[in-house]
2 protein chains.
Amino acid sequence: MAEDVFKALADPTRRRILDELVQRDGQTLFEICARLVAGRGPGLSRQAISQHLAVLESAGLVTTRRQGRYKFHDVNTEPLERIVTRWLRPDAPESTP
Amino acid sequence: MAEDVFKALADPTRRRILDELVQRDGQTLFEICARLVAGRGPGLSRQAISQHLAVLESAGLVTTRRQGRYKFHDVNTEPLERIVTRWLRPDAPESTP
DNA sequence: TTGATAGGCAAGTGTTCACTTGCCTATCGT
DNA sequence: ACGATAGGCAAGTGAACACTTGCCTATCAA
């Protein structure tokens, strides 16, 4: 639902996670943890990030694939494209002269 | 800030208000109240909607102009265009062959 | 098999948020 | 001036949310 997408984007940490995954797709939880803590200082536990990833996944913004004991996370920008055309003109922002 | 834009969009009522204002720009608080209650049934007080409008305004998504005892509200989609290009490719979604 | 790595589940806590309630100010019509 | 209309301010309430804490499961290397 669009509802979940907006709620998922409401949190700054989740937006940072999306930033991370756009930079490098297919990261594991621990990789994301390390990179987020490195770029922001501590204050973020592994469980917190895990819960954020769950929110992003249930919003359809992140897909996961298990492989052994690893779980890789990939971004899916498709929900984003759909929610913005809600208020923006579907095309041609300067088509009306 | 982008922070405020995302938080403003997180609430379904505020998104409905944006829908209303996109349909008909320059409405007053009472007009928005009437139309929202008409389309959704009660459960929304005037003050609630007023507070939502304040959030949208401080996020830059709505601008206001006073005129006598009326206060008209207009949408401003500019903040929307900026926040989405954060994760979407700025242009050409299929430019990489 | 043992230990270490990668991740998950669930109850508890504190803060933020949406909404209400009650009253107050300002503008317009008569 | 009076009442009615349009809107604002601020304290209080209940629910949602982010985050922690503690423990548990599964996979891999030795």
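Note that the structure is predicted; figures quoted are calculated from it, not measured. Numbers restart at 1 for each chain; the letters A, B, ... are given by sequence-line order, proteins then strands.
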Which heavy atom of A/W87 sits nearest a heavy atom of B/V22, and at what distance?
-> CD1-CG2, 3.8 Å
Do the side chains of A/H73 and A/E31 get nearer than 4.5 Å, heavy atoms only?
-> no
Qualifying residues under salt bridge (charged side-chain N to carboxylate O under 4.0 Å, His left out), relative to A/R35, sequence neighbours excluded | A/E20
Does B/K71 have a side-chain nitrogen or oxygen under 4.0 Å from the phosphate oxygens OP1 or OP2 of D/dG8?
-> yes
For C/dG8, does OP1 or OP2 lie under 4.0 Å from any side-chain N or O of A/S50?
-> yes
To the nearest Å, how far apart are A/F72 CZ and C/dA6 P?
-> 11 Å
What one should report as the nearest heavy-atom pair of B/P79 and B/G60 is CG-O, 3.4 Å
In whole angstroms, the gap separating C1' of C/dA18 from CZ of B/R16 amounts to 16 Å
Spacing of B/L36 atom CG relative to C/dC19 atom P, expressed in whole Å | 11 Å
Quick one, give me the B/S/- string for nucleotides 10-24 of chain D, reading 5' to 3', where B means a protein heavy atom under 4.0 Å from the base and S means that only happens at the primed atoms, P, OP1 or OP2.
-> -------SSBBB---
Helical bend (five base pairs per end, nearest 10°) for the helix from C/dT1-D/dA30 to C/dT30-D/dA1 = 30°
note: B/F6, atom CZ; C/dT16, atom C1'; distance rounded to Å ~ 19 Å
Nearest heavy atoms of B/L80 and B/L9, plus distance in Å | CD2-CD1, 3.6 Å
Write out a two-atom table: protein N or O, nucleotide N or O from nucleotides 25-30 of chain C, distance below 3.5 Å.
unit_1: C/dT27; atom_1: O3'; unit_2: B/R69; atom_2: N; d: 3.4
unit_1: C/dC28; atom_1: O4'; unit_2: B/R69; atom_2: NE; d: 3.4

Quiz: residues 63-72 of chain A side-chain donor-acceptor pairs under 3.5 angstrom, not counting sequence neighbours:
unit_1: A/T64; atom_1: OG1; unit_2: A/E57; atom_2: OE2; d: 2.9
unit_1: A/R65; atom_1: NE; unit_2: A/D74; atom_2: OD2; d: 2.9
unit_1: A/R65; atom_1: NH2; unit_2: A/D74; atom_2: OD1; d: 3.1

Show me the donor-acceptor pairs within less than 3.5 Å that the side chains of residues 45-52 of chain B make with the rest of the protein, sequence neighbours left out.
unit_1: B/S45; atom_1: OG; unit_2: B/A48; atom_2: N; d: 3.2
unit_1: B/H52; atom_1: ND1; unit_2: B/R14; atom_2: NH1; d: 3.1

